[in-house]
Amino acid sequence: AQKVTQAQTEISVVEKEDVTLDCVYETRDTTYYLFWYKQPPSGELVFLIRRNSFDEQNEISGRYSWNFQKSTSSFNFTITASQVVDSAVYFCALSDARGGANSKLTFGKGITLSVRP
Amino acid sequence: GAVVSQHPSWVICKSGTSVKIECRSLDFQATTMFWYRQFPKQSLMLMATSNEGSKATYEQGVEKDKFLINHASLTLSTLTVTSAHPEDSSFYICSARRTGSTVGYTFGSGTRLTVV
């Protein structure tokens, strides 16, 4: 069975601080995808990144960066120079790559990030 | 990019009535739609997977007679909450998997259901 653990439940930082959101996953699949989503108070899920299990390169997109460590089954997300608009719930998720259209997403419990001005 | 339109965005209904939530894929064919429920301050829990033209597959613990899912076309899936009760009040989100896309899954904007 697949499992995603986001041990941090709530994080509060002051604007311009860097913050790292942790994600640890469990899967028996050799091929899988990892995701991060942002859920602002309005509720919609905003896609941030999808990473294939064979691609261990770290990725940077503006103030966002992701560190994929297959050896420790972790896919951590760092926001540099945080802003108030970054305040949201962040979900890490995992899907298998075997089942095609029926591949399900397993979500972590989410991390509530509050960025104070 | 791929868009899934979900309606209504919020609904208030009386206990005992039924509510229908629609999800439409606007610019692609969604052969598979996933329905999630999210209680306040909790994660998204998969309720069921629906495939166009066939019966939905429900996750363990989800009452299929209470949460009716219809996926009659490649662009429309509906979730009907029958005989709603206050404990059904939740945020419901649909998602379509689009093979070949870089994002993998496209989510609707969600429906906040309040049963009074």
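When reading the values below, keep in mind they use all heavy atoms of this one structure, side chains included, and skip hydrogens, waters and symmetry mates. Chain letters run A, B, ... following the sequence lines, proteins first, then strands; residues in each count from 1.
One finds the CZ atom of B:F107 at 9.5 Å from the CD atom of A:Q39 (value rounded to the nearest 0.5 Å). Separation of atoms CD (A:E10) and NZ (B:K41) is listed at 6.5 Å; rounding is to 0.5 Å.
Residue B:W35 is not grouped with residue B:F91 when hydrophobic side chains (ILVMFWY) are merged at heavy-atom distances under 4.5 angstrom, including chains of intermediate members. Note on B:V81 and B:V116: separate hydrophobic clusters, where clusters join Ile, Leu, Val, Met, Phe, Trp and Tyr whose side-chain heavy atoms are under 4.5 Å apart, directly or indirectly.
Pairing each heavy atom of A:F107 with each of B:S43, the nearest pair is CB-OG, 3.4 Å.
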Give the C-alpha distance, both sets of side-chain angles, the deciding distance and a yes or no for side chain to side chain contact (heavy atoms under 4.5 Å, CB included) between B:Y105 and A:L45. CA-CA 11 Å; B:Y105 300 84; A:L45 280 178; over 6 Å; no

Yes or no on side chain to side chain contact (heavy atoms under 4.5 Å, CB included) for B:F34 and A:L105, after CA distance, side-chain angles and deciding distance? CA-CA 9 Å; B:F34 303 93; A:L105 267 179; over 6 Å; no

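Residue contact with chain B, scored on non-hydrogen atoms closer than 4.5 Å, involves the backbone of A:S42 exclusively. If you measure heavy-atom distances from B:Q38 to chain A, the contacts under 4.5 Å come from the side chain alone. Contacts of B:I93 with chain A are made by side-chain atoms alone, with heavy-atom separations under 4.5 Å and no backbone atom involved.
Heavy atoms of other residues, nucleotides or ligands lying less than 6.0 angstrom from NZ of A:K109 number 12 at most. Other residues, nucleotides and ligands contribute over 12 non-hydrogen atoms within 6.0 Å of the NZ atom of B:K66. Counting heavy-atom neighbours within 6.0 Å of A:Q57 CD, excluding the residue itself, gives a total of 12 or less. Residue A:K16 places its NZ atom among 12 or fewer non-hydrogen atoms of other residues, nucleotides or ligands, all under 6.0 Å distant.
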